[in-house]
Participant: 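One structure coming up, written as structure tokens, with questions to follow.
All values reported here derive from a predicted model rather than from experimental measurement. We count ligands from 1, going down the list as the structure has it; atoms in each ligand are counted the same way.
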Amino acid sequence: MAGWADEILVGGQWRRGCGPLIESVDPATGAVVHRFHGAGLEDVDAAVAAGLAAAQDPAWRNLLAHQRAAVLRRIGTEIEASADLISAVQTADTGKVRAETRALAMSAAGTFVYTAAALETMEEPVTPARGGYLTMGAHEPYGVVAAITPWNSPIASEAQKVAPALAAGNAVVLKSPLWAPCVSLLLGRICQEAGLPAGLLSVLPGSGAVVGDALVRHPQVGKVSFTGGTTTGRSIGRAAADKVMPVTLELGGKSPTIVFPDADREQALAGILFGIFSSSGQSCIAGSRVFVHESIYDDFVSQLVQRTRALRVGPGDDPESQVGPLVHRDHRDKVRAMVERAKSEGAQVLCGGSSPEGEGYATGAYYLPTVLAGVANTDWICREEIFGPVAVVLPFGTEADLVAQANDSEYGLACGIWTADYRRAWRIAQAVQAGTVWINTYKQFSISTPFSGHKNSGLGTEKGREGIKSYMRQKSIYWETAGSPLPWAEHE
Ligand code: NAD
């Protein structure tokens, strides 16, 4: 795959992008790993036109479900076979530790294989008729789908869109992010090598404001599936409304994770650390608001801080590292500025609150896992998504107080509950406004389980068997069967 990151994939052709230069920087060292021309507006038009032609080509459009599924399955197999390469590329692109990037690659492989199975077994309903006819549902592809992804979990979040959109019979134009552009190009190569017909997948790394916006507004793009920040999602939703175009929006979060006094202490500590500090906190479902019952607050928080201090921060390709650098120095600086502002307004830094010192960290985008206390749930630091390795700890008293605080957020993405009382876990799981609730676990994912955000965390659902239909428009067919005349039929 020599030179795979020098060109972008436009309508089946690898070529130099029409947009400005993109630099993929290794956040562990600050070194430029790849430099290439990203996509520009001409690439958008070419990718959409080629996608439309490929989606309408009978060679793809008329494939039976099991035949299209076979292509998806091959892509899954190829991704799995390339997992080590994908993991290495992604670690260099994003700084994530190798264990995480390998898991993301395997998750992407699983998504293609699962989607193939879901496609082969997808059924259309025959609905109860109220006359002499048969009524049935039919689902058709939109044509060209734009998939717009963030930098934090590339390949996995891209597979989550590309696999079901292709399964549904669409072509996909993937707009990958500036800070993690390489792995999406690798995905493009793999899809091609697995036999996906040309034009069905274009990969356009580039600017959101230019390339992403042009895709959203393009008259021939029939659906947008977006994962990213709530502000961007809102503006995409507005543009989609003008076209009366369906969108799926997977957006930000500020998720509560809740510790009751009867929780298994070891399990809760490990789960909370993993929930906020894995991926260096750059995770939409990061458990960034840690609510601890007041009766155990001091003791639990002191253990949490002790273990946070013990986390091993280092480059993603060192197997000893648990917390890698942040994706980019600009992002690290943004996280640092948020912590500094909170400090200046009275937040107590229990640990972290700075970049690690030492030669090995000097040029990287590192920030120490940080625990803040002495803040109220109504303070901005508890309301805004930091998207970095920063947790706030907050005490709570009664269950009612806890639920009120947990829900007092514009977001509703995820929630963690740590308790031995299964009735309490059930009550809280129902009362908390969140698309995903984990009980005595955190950040576990199955492709068969639907994923969605409540409130400002999103619109629409990804994953699960119904995921394919979210990339199709519904049609109803009435098929006369009884030979009975309609009321105005003329009689001799
Ligand atoms: P972002 O919103 O800045 O960018 C996401 C993508 O949108 C990028 O590819 C970007 O180039 C593109 N984009 C930006 N402006 C655009 C525009 N006007 N039109 C079209 N596309 C545009 O987000 P980010 O900083 O890359 O990612 C972090 C955010 O993503 C966090 O808020 C995180 O919570 C969220 N996220 C959500 C989920 C989820 O499933 N809910 C998963 C991962 C990340």
Side-chain angles (χ1 to χ4, degrees), residues 19-20 22 38-39 41 44 93-94 96 104 107 146-161 173-181 183-184 203-218 221 224-240 242-243 245 247-255 276 278-288 326-328 330-332 334-335 338 383-388 409-414 434-436 443 445 447 449-463 467:
I22 294 180
L41 293 178
V44 170
D93 228 11
T94 64
K96 281 171 176 284
L104 289 170
S107 156
I148 303 179
T149 52
W151 43 262
N152 69 311
S153 300
I155 199 96
S157 50
E158 288 162 358
Q160 238 165 264
K161 298 182 188 310
V173 181
L174 171 62
K175 208 302 280 170
S176 49
L178 284 175
W179 279 347
V183 83
S184 60
V203 183
L204 307 186
S207 145
V210 178
V211 178
D213 184 67
L215 274 171
V216 172
R217 292 176 199 281
H218 199 292
V221 167
V224 170
S225 178
F226 170 79
T227 298
T230 295
T231 306
T232 317
R234 228 183 238 120
S235 77
I236 289 175
R238 276 193 290 266
D242 283 343
K243 284 170 65 180
M245 170 181 69
V247 278
T248 299
L249 303 174
E250 299 287 0
L251 308 178
K254 189 79 182 177
S255 298
I276 177 63
S278 60
S279 305
S280 302
Q282 304 165 116
S283 170
C284 56
I285 38 100
S288 49
L326 276 72
V327 69
H328 196 278
D330 289 355
H331 185 57
R332 189 269 316 272
K334 189 176 152 217
V335 170
M338 290 179 92
R383 298 204 168 267
E384 288 181 27
E385 189 182 38
I386 302 176
F387 221 57
S409 168
E410 67 164 305
Y411 296 114
L413 196 56
T436 297
K443 235 181 165 183
F445 278 119
I447 181 65
T449 308
F451 182 77
S452 62
H454 292 192
K455 304 199 281 189
N456 289 350
S457 288
L459 184 70
T461 301
E462 287 197 320
K463 310 204 298 185

Participant: List the residues meeting ring-ring contact (aromatic ring centres under 6.0 Å, His included) with H331, not counting sequence neighbours, and say none if there are none.
Facilitator: W151
Participant: Tell me, please, which residues at least two apart from E250 pass side chain to side chain donor-acceptor pair (under 3.5 Å).
Facilitator: none
Participant: What's the verdict on side-chain hydrogen bond (donor to acceptor under 3.5 Å, both in side chains) for K443 and S278, showing C-alpha distance, side-chain angles and the deciding distance?
Facilitator: CA-CA 10 Å; K443 235 181 165 183; S278 60; 2.7 Å; yes
Participant: Whether K161 and E462 form a salt bridge (side-chain N of Lys/Arg under 4.0 Å from carboxylate O of Asp/Glu) is what I want to check.
Facilitator: yes
Participant: Got a donor-acceptor contact below 3.5 angstrom from the K96 side chain to the N152 backbone?
Facilitator: yes
Participant: If you count only heavy atoms, which residues are under 4.0 Å from ligand 1?
Facilitator: I148, T149, P150, W151, N152, K175, P177, G208, G212, D213, F226, T227, G228, G229, T232, I236, E250, L251, G252, C284, E385, F387, L413, F451
Participant: Under the side chain to side chain donor-acceptor pair (under 3.5 Å) test, which residues partner K455, sequence neighbours left out?
Facilitator: Q433
